[in-house]
Structures are given as structure tokens and as C-alpha cells.
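The structure appears below as C-alpha cells.
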Amino acid sequence: MLAYSFLNLGPRQNAPRNGLTMVLDKGLGLNETDDLIATAAGSIDFVKFGWGTSATMDRKFIMTKVQKYIAAGITPYPGGTLLEVALLKNQLDAFFAESKALGFTALEVSDGSTKISAQTRAEIISKAKENDFFVISEVGKKNPDLDHQLSIQMRLEEIRADLAAKADLVIIEAREAGKNIGIYDAQGNIIEEELDQIATIGTEKLIFEAPLKKQQVDLILKFGSQVNLGNIAATDAVSLETLRTGLRGDTVNKIKF
Amino acid sequence: MLAYSFLNLGPRQNAPRNGLTMVLDKGLGLNETDDLIATAAGSIDFVKFGWGTSATMDRKFIMTKVQKYIAAGITPYPGGTLLEVALLKNQLDAFFAESKALGFTALEVSDGSTKISAQTRAEIISKAKENDFFVISEVGKKNPDLDHQLSIQMRLEEIRADLAAKADLVIIEAREAGKNIGIYDAQGNIIEEELDQIATIGTEKLIFEAPLKKQQVDLILKFGSQVNLGNIAATDAVSLETLRTGLRGDTVNKIKF
Amino acid sequence: MLAYSFLNLGPRQNAPRNGLTMVLDKGLGLNETDDLIATAAGSIDFVKFGWGTSATMDRKFIMTKVQKYIAAGITPYPGGTLLEVALLKNQLDAFFAESKALGFTALEVSDGSTKISAQTRAEIISKAKENDFFVISEVGKKNPDLDHQLSIQMRLEEIRADLAAKADLVIIEAREAGKNIGIYDAQGNIIEEELDQIATIGTEKLIFEAPLKKQQVDLILKFGSQVNLGNIAATDAVSLETLRTGLRGDTVNKIKF
């Protein structure tokens, strides 16, 4: 039973709940992984093993961590950059096979660090689905100069194309830092007109990367506690859940469920 | 015995010492809690379970963590926001009972996220004392716009009223970020004239929230190593003790005991 | 075997490799130490027990942590500030003896927080070498005002003098924050002309403190993946290795080995 359960904080405390949370794992050890699971597993849906971090560690270590997350009801997946590097090296099949062997059940398909044609992108998504992966595509460039060249129309087209290719969810890129990229300006504040246009596509299929607290607050106050948020620091997973449930100053008495 | 004990760094290394330290626990797991205790318990007096984080976790987990802190000589308490949410829901008695059942021996009384009249505030402090809690009140608003409406006179009055109502200590709010709030400007620098006026009340009963290193340094250099500091990040607890004892560049050879 | 080893990411994955990494340990507990070792020991050469943190903990605790690092092939050493404090108290011999008793096999010789004459500095380096320590000297002042008084010529002279006194490596100071100090401006960006002049001495014997990701990226893109980097946060050790091997967006397909 939750502590202070008499507060009766609403539907987030009962499964199944809306409002997906994706946490960014930058290379946690097993003690830290256990701590994350013990304190926040109930509110975490996905854990991304950031960019290519998985490829710097032993296979057995990655398998152990993957199994811990899955046992806790969380879906782990390797960062899209790793898929991009594999593609650069013409090793996409090996990438799918190794990801499956390591126990990952989801994949991210992105072109944040490399150029991938729309056709190839759709083929990768399809191929990942054929290999029984849950597929999350990511829209946006890691380099701010390149990212700014993406018009909202281009982003919307890419989101629609990814969903048409059967991506299960689409992530709006903001990196670990959350500034000067995608829907955020150089201070990390939301560019409302960009966000509003992207949101026309429906927020159910979108995950907004929101590494900064003010971004989490603003998105929750705008779309309600059920908004899907990603790239949450492991150390902020508990805090995010308090924001969603009106247990932190920024959202006390202001939450729409 | 401490490593390098021949350095003979002064009175902070002998109990009982002055200079209270309150660490902000944003939702640490048990491994992290063990690490915090093993590395810094000797210099930590209070651990605040930040805002409403306690209410997102299982009762048994909270009880285990509370007991770990108490066994290490540290007083844990739930954040004031949780009391405010309970009050909003007319559940103050249940809040006292649950806090006691979970093992907390101190409480924080604040109105950072809600409006509470001076009379109600005094009554809550008194009631918490009647329930045998050590009471720490907090002065300041979480929302910067609302916080700026509090004049120094109003802050001083509130501090005096809290002490008159038998609060054991009064915390000067600065949140987790420490900027644009209370005694700090938008860059997190101390507003000296505000601080000086608040300090007229005597610093023994005050805890200054000081999450940023430069704030800790400036307050230690101004008031000496015995100044009471709060909202210290768990990862900075060891660093703070080195600042207090003249073991970090910013305070080497500059410490008043 | 590494996960995704078919990517064949180049010489960093085979020992002995170039490109030293020094991680800043601000007071990790044993669980955190185990996590750091399990996730990143293969790419870490040195761990600095930051400034005087060692002197706030029990001798047995420090010894246990030192042994963990050494068993993992990492060389731990106490921060230079601690040596400076010992020197202030005329306890240099006791400092050497205690460091050795605690198991440290390397020492840092700095004057970041105090004034030490060139002659004394050379003598300390020599004495540390006579005591069989691996010696890393550090060039720079912790106080930005004092640091700005050091011309590039003075820095170059000090580096040359330290190497002449048989220091094994020289660190270019940037503190934990990496801003407004040494080769970095107030925003933490590299001052190219300062860096270029310092690099004339040869980068093999230098470790650049580079706590910010953009500093790590810029130094890797400038000097190649084998550049020696220090003051890496424990939570960024894995990320740094992905930058070095072209597994993070900033360096994908851009790495010189």
C-alpha cells in the first residue's frame, strides 16, 4: 500500500494508467538500477539505454539489466544512435539479432546523427516490426543547426510517415539537455506555436522528450497528467510522478486527469 | 578514526557540533541511502523527503528508509508540500497519524504551494508539537511571483510568529534550484540586504536553504562554518562538509569556527 | 564480450589503449563505486578523490574504496587541495605516510588554493617521487581572479618545470564546474588560442580537465579520441567513452583514432 494513501490522488495510482514515462539510462550500474526500480517502477513505462552506451559494456551485464527492467514491468530499449551506427556499417541485421539476443523487446528508429532517406526509414521500421520489436521512432536532429532546418511541416510529415509505417510511438527529440532543439528554444522554454502544430496529430502517439523540470511542468499543465514524457533523468523519475499527481508545488491543485 | 586526522581540522569533527545540515532526498533508493549514510552521516542532521515524494512509494519502503536514517542519527521528515496537500483535503489528522506510523519524528509546516492563514499556521505548528513532532516551519512561496510579493517585514513577522508558536527551527525557502526566490536573485546570488535583515533574528534558529555551491560558500564565509544549511543535494553532502572544514579551495584557510 | 561487438569500434576497445580518463569522485559510497567500476572501469585510468573529501571519512572506508579501484585496474589518488592543506600545517611527511597507508599509489601536487614557490613545488614533486608515488601535478588557480593573473607563458613554464621535476603527468585545472578558468571562458567554451599554445608542449603528458560535455566533444574532435581528459563526473564516465568511440551524436562518424 502506498504511504499517505488516504490522499487518494487519482487515477495515476491505479493500473492501467495513461501517461507514459520514458527514463534515460546513461549507463546505470545494477545498484542504481535496483534503486530506480524500487522507487519508481510503478510510473515508468520505458527505459532508453542512451545512444550507444550499450556497446561499451559486456553482453552479460546488459542482459542482466534488461532482465531487471522487464521483470519490473518496464520496457528497455537501446538508443536510436546505436541503430544508426549499425546502419552506417551495413550491419542492420546483426543489430536486430544482437538486440533480440540481449533481451530488448523494443527499438528506436531515428536519424538524429546520420542521414537516412524516408524510404529507408520506413523500411527499417517495417523490418523492426517484422522482427517483433515494439517500435518507437524519433523525429529531430541532434545537431541544432541541422535541427533548425527541419520545418514543422517536415516534422509532421515524418511523424505521419512513421505511423503509416506502423511505428507504435513517435518521440519528439530534445536530447539530454533539452535546449535549442525541437519544440524548445535556447533557454529550454516551449515554442508554443511549434508544439501546438505538432499536437494537432494527437498526443496519444507522441512522447515529448522533456529533460528539464520546467518542460515537464508546462507539458503537464497544458495537456494534463496523462501526457507522454521522455528523456527523464533517472534521478528525476520520482519527481515527475509527483508533478503528475499534484504533489509538487508547481502542480499542486492544478492537475487535470 | 578519520583519514588524515593529523590535520586536526577543528571542532566540526567532534560531537556535539554546531552547524546543522539538512539534505534533500528526492527519492533515493536503499543503496543510495546506504551510500549517503556511509559517506556523510556524521555531518547530516536532517533529511527531507522532498515535497510529496513519500506518497508515491510503498509504506514499507518509506518505513525502511526512515529507520535507516534514524539508526544513523539523522532525523528524517516529509516535505511541507505533503502537509499542505493533506490540509487541502481536510486530512490533517490522518497526515499526523500516518507520518507517525511511518516513523517520522519531525514535520515541516509550510505554505509554499497553498494559502494558509497566520492563525491556521500557528494552530498546525501547535498541533504538530502536541503530537510530539520536532517542528520545522518554512517561510517562502514556491512560485517566484508570489514569493516576490512577500516583503522582508512579512517574512520576519512570519518567522517570529512561527517561533512564538514553538516551531523548533525555521527554514528560509529556496527550492531545489535556488534561484529567484527568498534571499537569492535570478542568478542564485545572495541579496545581501535581505539576508542581513533576516539574520537580525539570530541565525541559530534559522536554516538557510542553499542548494548551490556558491550559496553554501558565501553563507559559510559570512556566518562561519556553524551556519545552518538546507536543501543540500545528496551528492553534495560530502562537499558541504569539506567547505565547512576548509578542505575545498573556496574556503581553505578562510574558515571561522 | 562487449555487447554489439560486431560494430568493431576501433582501437579503444583493446588494451593497451591511448586516451587517459580521470574521473572525479566527490565522495561516492561503496554501492556507487561498484556501479562505476562495473559500467566503466575499462575506460577509466584514474579516480581523483576530490579536494579534501578523503579527510571527512573513516580510514577503513577510504582503504576499502581505494582497494576496489586498484582491483579494477584504476589508480586512485587524493585531491591536491588536501596536500596543500597538509603543507599549510607543516604536515607534508605525515601526508605522504597517511596517503601510502591508505593505499593510494599516486598523488596530485597543486597550488590551486594556496601559494607555493616554484622551488617548493619542485621539491614536493621530487619528494613524492622518492616516496614511490606516481605524480600528477596541476596547473591553475581555483579562484578565477587569481587564475586570470596566470599568463600562458607562466602556465607553460610551470608545466615545463613540473615535467623537469619528474611529474608523470600535468593536469590543466578546470574545477568541477569548468567555467571561467584555465582554457575555458565564462560559458565554458574553449579559448582556442590559449589551448593551442598549451598544446605546443605535446598533449601526451597533459590531462585537460573537461567536466562539461561540450568540452569533452570539442577536445576529442580537435585532438582525437586519444586525448587525456579529467574531472569527468562519475555519472558521465560511460558517456565520455561513447564520445571517444563515435557512439554519441556529437561524434558519430567524426572520430580520429
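We name chains A, B, ... by the order of the sequence lines, and we start the count at 1 in each one.
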Out of [options], return the one with the most heavy atom pairs under 4.5 angstrom to chain B.
options                                   : value
Gly80(C), Gly50(C), Gly29(C)              : Gly29(C)
Glu176(C), Lys141(C), Lys65(C), Arg175(C) : Arg175(C)
Asn143(C), Leu28(C), Leu102(C)            : Leu102(C)
Ser113(C), Ala97(C), Ala86(C), Gly112(C)  : Ser113(C)

Q.
Ring centres under 6.0 Å, that's the criterion: do Tyr4(B) and Phe95(C) meet it?
A.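 Yes, the ring of Tyr4(B) comes within the 6.0 Å limit of the ring of Phe95(C), centre to centre.
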
Greatest number of heavy atom pairs closer than 4.5 Å to chain C - which of [options]:
options                       : value
Asp35(B), Leu7(B), Thr235(B)  : Asp35(B)
Ala40(B), Gly249(B), Ala38(B) : Gly249(B)
Leu36(B), Asp250(B), Asp34(B) : Asp250(B)

Under 3.5 Å, is there a donor-acceptor pair between the side chain of [X] and the main chain of [Y]?
X         : Y         : value
Asp147(B) : Gly182(B) : yes
Gln215(C) : Leu212(C) : yes
Gln226(B) : Gly19(B)  : no

Less than 4.5 Å to any heavy atom of chain B: does that hold for the side chain of [X], its backbone, both, or neither?
X        : value
Lys89(C) : side chain
Thr33(C) : neither
Thr81(C) : side chain

Verify side chain to side chain donor-acceptor pair (under 3.5 Å) between Asn189(B) and Lys214(B), making sure each step is shown before the conclusion. CA-CA 8 Å; Asn189(B) 295 314; Lys214(B) 65 179 174 184; 3.2 Å; yes

If we count only N and O atoms by modelled type, under 3.5 Å, do the side chains of Thr56(C) and Thr53(C) hold a donor and an acceptor together? no

Next item on the list: Using a strict 4.0 Å threshold on nitrogen-to-oxygen distance, state whether Asp111(C) and Lys142(C) make a salt bridge.
Entry: no

